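Letters A, B, ... are given to chains in the order of the sequence lines, protein chains preceding strands, and every chain is numbered from 1. Given the structure is predicted, the values throughout are model-derived calculations rather than measurements.
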Number of protein chains: 2
Amino acid sequence: MARSTNTQFAVAVHVLTMLAGVTDGRAMSSEELSKSANVNAVYVRRVLGHMRNAGLVRSRPGVNGGWELVADAAQIKLREVWQVLQGDEPVLGLHGPDPTCVTGRSVQKSLASIDRTVADAVATALGYFTVQDVLEGVPDAAQLLNAE
Amino acid sequence: MARSTNTQFAVAVHVLTMLAGVTDGRAMSSEELSKSANVNAVYVRRVLGHMRNAGLVRSRPGVNGGWELVADAAQIKLREVWQVLQGDEPVLGLHGPDPTCVTGRSVQKSLASIDRTVADAVATALGYFTVQDVLEGVPDAAQLLNAE
DNA sequence: TCAATATGTAGCTACAATGATTACGAATTA
DNA sequence: TAATTCGTAATCATTGTAGCTACATATTGA
């Protein structure tokens with residue numbers, strides 16, 4: 001029920017992986033990237049803009065322009081991608097209880113604290129994966145369980 | 001950026017905490033609960049309906065009717081509340097890449113696997129807290145850090 | 001039995017988030 | 001100089017979320 005409908009993270013990982021897969025030194029255009037991710041090119045530019053602000057990619061306009069990875073794909077943790085997009089926004093959906101209700105305020109505070117704990121857990125989990133891992137293919141959760 | 005705008009989890013925790021705080025044995029109406037959570041009574045009934053299906057609360061109509069906790073508040077982990085509402089829905093927002101793009105399909109599979117890892121991490125983190133904890137007040141994340 | 005109270009749920013609406021689309025200026029290259 | 005690509009604003013369509021109304025059903029108490 002509480003699915004996130006925001007695909008920025010998925011799209012970011014997708015296009016970063018595409019860029020990591022470039023063998024010749026050429027740049028990829030937002031148009032090209034958007035085709036594979038099946039989203040709009042403007043959207044790709046917006047998402048990659050955040051990645052550029054974080055120093056993960058560079059872009060240049062014009063003929064043969066486009067986007068390139070700056071860092072080594074094996075050094076880019078998905079944790080960083082997540083944090084660039086997520087910032088300090090809550091992970092759990094928080095509500096706005098009646099400010100005059102004592103219990104309501106207390107619950108609100110607790111939920112905010114719990115949200116930080118969960119956000120840390122998400123960040124830690126995403127720290128296990130790099131763009132290089134995605135490029136090589138992260139094994140199935142089921143496979144991982146069997147391997148234990 | 002990827003904030004969840006779904007407040008069902010927060011509202012569920014809120015009203016369960018309210019129910020946990022009842023000292024006399026009376027039931028609380030959805031109307032009463034909705035006031036404190038600052039949401040609509042119908043919405044409260046919908047959310048609590050899921051909690052009832054999970055066996056956490058019971059309800060009865062009529063005069064002096066309303067909602068009561070079934071389980072001990074100290075035994076209800078937020079993990080369970082989360083899972084009741086979340087089910088197997090992805091935590092990260094996933095996209096729908098071009099199905100004819102090989103890399104796209106591969107990335108999609110990896111993201112699905114990573115999503116399961118993150119979902120497990122969230123569930124584990126929420127396993128640390130119970131409704132009773134929220135009733136008593138979960139300490140600030142900052143306070144927790146200072147206590148280390 | 002009857003009135004009052006609450007749930008259970010369908011249906012409609014308002015609002016907000018997301019991402020598509022269009023448009024165009026600026027930068028770059030061949 | 002023409003073609004290409006980014007950067008970004010503005011607008012629109014779609015979807016998810018939750019509010020709201022309405023009413024059938026169940027329960028209680030007088």
- Within this structure, what is the CD-to-P distance between A:E31 and D:dA3, rounded to whole angstrom? 18 Å

- To the nearest angstrom, how far is A:R45 atom CZ from D:dT8 atom P? 10 Å

- Query: Is the phosphate of C:dG19, meaning OP1 or OP2, less than 4.0 Å from a side-chain N or O of A:N40?
  - Reply: no

- Check whether any side-chain nitrogen or oxygen of A:Y43 sits under 4.0 Å from OP1 or OP2 of C:dG19, and answer yes or no. yes

- Message: Strictly below 4.0 Å: does B:T5 bring a side-chain N or O up to OP1 or OP2 of D:dG16?
- Response: no

- Note on the structure: Atom CG of B:N6 and atom P of C:dA16 are separated, to the nearest Å, by 17 Å

- Answer yes if the side chains of B:Y43 and B:T7 hold a donor-acceptor pair under 3.5 Å, and no otherwise. yes

- With heavy atoms under 4.0 Å as the rule, sort B:R58 into base, sugar-phosphate or nothing. nothing

- Nearest-nucleotide pick for A:V63, side chain only, options being D:dT5, D:dG19, D:dT4: D:dT4

- If we only count heavy atoms from C-beta on, is the A:V13 to A:L78 side-chain gap below 4.5 Å? yes

- Message: If I take atom CZ in residue A:R46 and atom P in nucleotide D:dA9, what distance separates them, rounded to the nearest angstrom?
- Response: 10 Å

- When you check the phosphate oxygens OP1 and OP2 of D:dT5, does a side-chain N or O of A:N64 lie under 4.0 Å from one of them? no

- Item | CD on A:Q108 to OG on A:S113, rounded to 0.5 Å | 12.0 Å

- Query: Separation of A:N38 atom CG from C:dA20 atom C1', in whole Å?
  - Reply: 12 Å

- In whole angstroms, how far is the C1' atom of C:dG19 from the CG atom of A:L85? 14 Å

- With a 4.0 Å cut-off, would you call B:R26 and B:E32 a salt bridge? yes

- Query: Looking at the side chain of A:P61, which of D:dG7, C:dT28, C:dG19 is the nearest nucleotide?
  - Reply: C:dT28

- Message: Distance criterion of 3.5 Å, no angle test: do you see the side chain of B:R60 paired donor-to-acceptor with the base of D:dT28?
- Response: no

- Message: So A:G62, base contact, sugar-phosphate only, or nothing? Heavy-atom distance under 4.0 Å.
- Response: base

- Task: Send over the distance from A:H50 NE2 to C:dT18 C1', rounded to a whole Å.
- Result: 14 Å

- What is the distance, rounded to the nearest whole Å, between atom CG of A:L94 and atom P of C:dA17? 14 Å

- Task: Considering only NZ, NE, NH1 and NH2 on the basic side and carboxylate oxygens on the acidic side, decide whether A:E68 and A:R60 come within less than 4.0 Å.
- Result: yes

- Is any side-chain nitrogen or oxygen of B:T7 closer than 4.0 Å to OP1 or OP2 of D:dA18? yes

- Message: So, does A:S59 get its side chain near the phosphate of D:dC6, meaning an N or O under 4.0 Å from OP1 or OP2?
- Response: no

- Message: Students often get this wrong, so: under 4.0 angstrom with heavy atoms, is B:V42 touching a base, only sugar-phosphate, or nothing?
- Response: base

